[in-house]
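Have a look at the structure below, then the notes.
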Amino acid sequence: MTAQSFISKLSERESCPACGSSRSEFITVPNGGYVLHQAVLEFECDATFRASSDGISLIYPCPARSVLAADLMTIEVQGRMK
């Protein structure tokens with residue numbers, strides 16, 4: 001696959017795949033010409049993804065999953081205390 005393919009896929013995303021928050025910023029970086037080399041997509045929740053010729057990678061995770069994990073661990077401990 002080319003960087004263009006991964007950048008195109010990332011550019012289609014309008015909401016965070018984890019929590020659904022809106023897209024806040026999409027930045028493309030050319031490689032010195034008109035061909036895009038990489039792109040960065042950020043959402044309102046701060047989740048950030050990068051697309052390049054290597055694929056799509058996570059820069060900063062959506063905190064929603066971590067909040068859910070913390071809530072579930074709390075419920076689990078509270079359940080044991082009863």
Side-chain angles (χ1 to χ4, degrees):
M1 301 302 287
T2 65
Q4 291 288 2
S5 300
F6 295 118
I7 291 169
S8 177
K9 177 64 178 173
L10 199 61
S11 72
E12 295 169 1
R13 197 82 217 181
E14 292 296 327
S15 60
C16 174
C19 74
S21 69
S22 300
R23 177 164 110 169
S24 64
E25 191 167 11
F26 184 72
I27 301 167
T28 56
V29 181
N31 66 353
Y34 293 105
V35 179
L36 296 178
H37 176 65
Q38 65 178 342
V40 175
L41 174 59
E42 185 176 309
F43 296 100
E44 293 293 330
C45 63
D46 290 330
T48 308
F49 296 86
R50 175 174 136 331
S52 68
S53 59
D54 296 329
I56 297 173
S57 57
L58 177 66
I59 295 174
Y60 186 80
C62 175
R65 300 281 172 126
S66 296
V67 170
L68 175 61
D71 289 347
L72 291 174
M73 287 187 285
T74 299
I75 291 168
E76 182 180 359
V77 171
Q78 289 171 337
R80 288 182 189 163
M81 293 170 56
K82 290 181 179 182

**Asked** Is it true that V77 and V67 fall in one hydrophobic cluster, defined by side-chain heavy atoms closer than 4.5 Å?
**Response** no
**Fill in**
Output for pair (S53 OG, Q4 CD), nearest 0.5 Å, gives 11.0 Å
**Prompt:** Do S5 and K9 come within less than 4.5 Å of each other through their side chains, counting heavy atoms only?
**Reply:** no
**Under the side-chain contact (heavy atoms from CB on, under 4.5 Å) test, residues paired with A70 that sit two or more places apart** = none
**Message:** I'd like to check F49 versus F43 (side-chain heavy atoms, cut-off strictly below 4.5 Å). Are they in contact?
**Reply:** yes
**Request:** Can you tell me which residue pairs pass the salt bridge (Lys or Arg N to Asp or Glu O under 4.0 Å) test with a partner in residues 52-67, sequence neighbours excluded?
**Result:** none
**Request:** State which residues pass side-chain contact (heavy atoms from CB on, under 4.5 Å) with L72; sequence neighbours excluded, sorted by chain then number.
**Result:** L68
**Spacing of CG belonging to L10 relative to CD1 belonging to I56, to within rounding of 0.5 Å** = 5.0 Å
**Prompt:** Mind checking what makes side-chain hydrogen bond (donor to acceptor under 3.5 Å, both in side chains) contact with S52, not counting sequence neighbours?
**Reply:** R50
**Prompt:** Nearest 0.5 Å, what's the CD-CG distance between E14 and L41?
**Reply:** 8.5 Å
**Request:** Report the hydrophobic cluster partners of V40, with the cluster defined as I, L, V, M, F, W, Y residues connected by side-chain heavy atoms closer than 4.5 angstrom, directly or transitively.
**Result:** I59
**Request:** Test E12 against S8 for side chain to side chain contact (heavy atoms under 4.5 Å, CB included), laying out the working first.
**Result:** CA-CA 7 Å; E12 295 169 1; S8 177; 4.0 Å; yes
**Message:** Using every non-hydrogen atom in the two residues, find where C45 and P63 come nearest and quote the distance to one decimal.
**Reply:** O-CD, 3.2 Å
Could you tabulate the donor-acceptor pairs under 3.5 Å formed by side-chain atoms of residues 23-30, not counting sequence neighbours?
unit_1 : atom_1 : unit_2 : atom_2 : d
R23    : NH1    : S11    : O      : 2.7
R23    : NH1    : R13    : O      : 3.2
S24    : OG     : E42    : O      : 3.1

